[in-house]
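First up is the structure itself, then whatever we jot down about it.
Atoms within each ligand, like the ligands themselves, are counted from 1 in listed order.
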Amino acid sequence: MKAFTQSWTDTFSSVYSEEPLAKLSWFNASPGLELIKRVIDGTLKPGQRLIDLGSGPGVDAVFLSVQGLDVTGVDLSADAVVRARRWAELAGASADFIQGDVLDVPLPDHSADVVTDSFVFHNMRDEAREPYADEVHRLLKPGGLFLLNSFSDHMVEGTGPRRITSEEILGTFRSDRFECVGLYVYRNVPTRTKPDQLHWFGEFRAR
Ligand SMILES: C[S@@+](CC[C@H](N)C(=O)[O-])C[C@H]1O[C@@H](n2cnc3c(N)ncnc32)[C@H](O)[C@@H]1O
């Protein structure tokens, strides 16, 4: 089972070696705003084991590592892993980055207090959603948190790769395995190509 269509997989496999980060449509050099808030309110705290799925250039992972969490970023793109390691080194952060597939993460069962997904789920093929939720659940300790950043159906028409509804999110991270602590739309930092960044933030607790 492939998580993404072949064209998206091809795009991600080359883009990190060919483009400066500032040219990537999803890169704004800032860790996720809602993740920052959870550091401030103490939900995310030093010592927690955190796995960042589809960690890309590693901006969230490095920020959380600097905050004292024990972070591993996982990305399918070897070039993304190289970029993220360089960023961690520059920052003096101990975040670890490994190459891996979000549907078959090479990390042990129930090893994470927190799993994060920033802008990975919304790109995924419909058939991959259910196995992805299984994988997130497998990685989390019982009671562990899954934090989801995703494009939303509240964005301006034409923006996306996918415009995801709350029903699609709640239908994937279902109540038999996850308790939904919160799911809301927030306005994210604009980019040149996407000025109206209305994104979902979801917070789920593994049962
Ligand atoms: C839109 S980027 C988001 C990157 C990062 N989370 C961020 O917020 O900057 C999506 C990331 O998912 C990665 N990716 C795509 N398919 C994947 C897969 N099957 N397994 C792991 N990572 C994947 C891509 O290489 C890319 O880095």
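Annotation for Ile164 and Phe121: closest pair CG2-CE2, 4.2 Å, computed over non-hydrogen atoms.
Scanning the protein heavy atoms around atom 3 (C) of ligand 1, the nearest turns out to be Ser118 O, 3.5 Å. For atom 13 (C) of ligand 1, the nearest protein heavy atom (residue, atom name, distance) is Asp75 OD2, 3.3 Å. In terms of protein heavy atoms, atom 9 (O) of ligand 1 is closest to Trp26 CD1, 3.7 Å. When only non-hydrogen protein atoms are considered, atom 5 (C) of ligand 1 lies nearest to Gly54 O, 3.3 Å. Looking only at protein heavy atoms, the nearest one to atom 22 (N) of ligand 1 is Leu76 N, 3.2 Å. The nearest protein atom to atom 19 (N) of ligand 1, hydrogens excluded, is given as Asp101 OD1, 3.2 Å; this is a heavy-atom distance. Ranking protein heavy atoms by distance to atom 15 (C) of ligand 1, first place goes to Phe4 CE2, 3.3 Å. Nearest protein heavy-atom neighbour of atom 26 (C) of ligand 1: Tyr16 OH, 3.3 Å.
Considering backbone and side-chain N/O atoms, Val102 comes within less than 3.5 Å of an N/O atom of ligand 1. Taking distance alone, with nitrogen or oxygen atoms compared against 3.5 Å, Asn123 stays at or beyond that limit from ligand 1. An N or O contact shorter than 3.5 Å is missing between Phe119 and ligand 1 by distance. Polar contact with ligand 1: absent for Val74 (N/O pair, distance under 3.5 Å).
Classification of Asp113 and Arg49 as a salt-bridged pair fails, no side-chain N sitting under 4.0 Å from a carboxylate O. Remark: Asp101 does not engage Lys2 in a salt bridge, criterion side-chain N to carboxylate O under 4.0 Å.
For residues 28-46, the set of pairs meeting the salt bridge (Lys or Arg N to Asp or Glu O under 4.0 Å) definition, not counting sequence neighbours, comprises Glu34-Lys37, Glu34-Arg38, Arg38-Glu203.
For the pair Glu135 (side chain) and Glu130 (backbone), a donor-acceptor distance under 3.5 Å is absent. Of the possible donor and acceptor atoms, one in the side chain of Arg207 sits under 3.5 Å from a partner among the backbone N and O of Ser175. Looking only at distances, a side-chain donor or acceptor of Thr172 sits under 3.5 Å from a matching main-chain atom of Glu168.
Contact analysis leaves Ser13 out of contact with ligand 1, as no non-hydrogen atom separation drops below 4.0 angstrom. Heavy atoms of Val59 come nearer than 4.0 angstrom to ligand 1 in no pair at all. Under the 4.0 angstrom criterion for non-hydrogen atoms, Ser55 is in contact with ligand 1.
When each atom of ligand 1 is checked for a heavy atom of Ala3 under 4.0 Å away, the hits are 19 (N). Close contacts between ligand 1 and Gly100 involve ligand atoms 20 (N), 21 (C) [criterion: under 4.0 Å to a heavy atom].
Counted within 6.0 Å of CD on Glu89, heavy atoms from surrounding residues, nucleotides or ligands total 12 or fewer; the atom is thus considered open.
Residues passing the ring-ring contact (aromatic ring centres under 6.0 Å, His included) test with Tyr132: none are found, sequence neighbours excluded.
A heavy-atom distance below 4.5 Å is not found between the side chains of Phe178 and Arg174.
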Using the rule given for side-chain contact (heavy atoms from CB on, under 4.5 Å), can you reason through Ile98 versus Leu107, listing the C-alpha separation, both sets of side-chain angles and the distance that settles it, and then say yes or no?
CA-CA 10 Å; Ile98 58 173; Leu107 293 170; 4.0 Å; yes
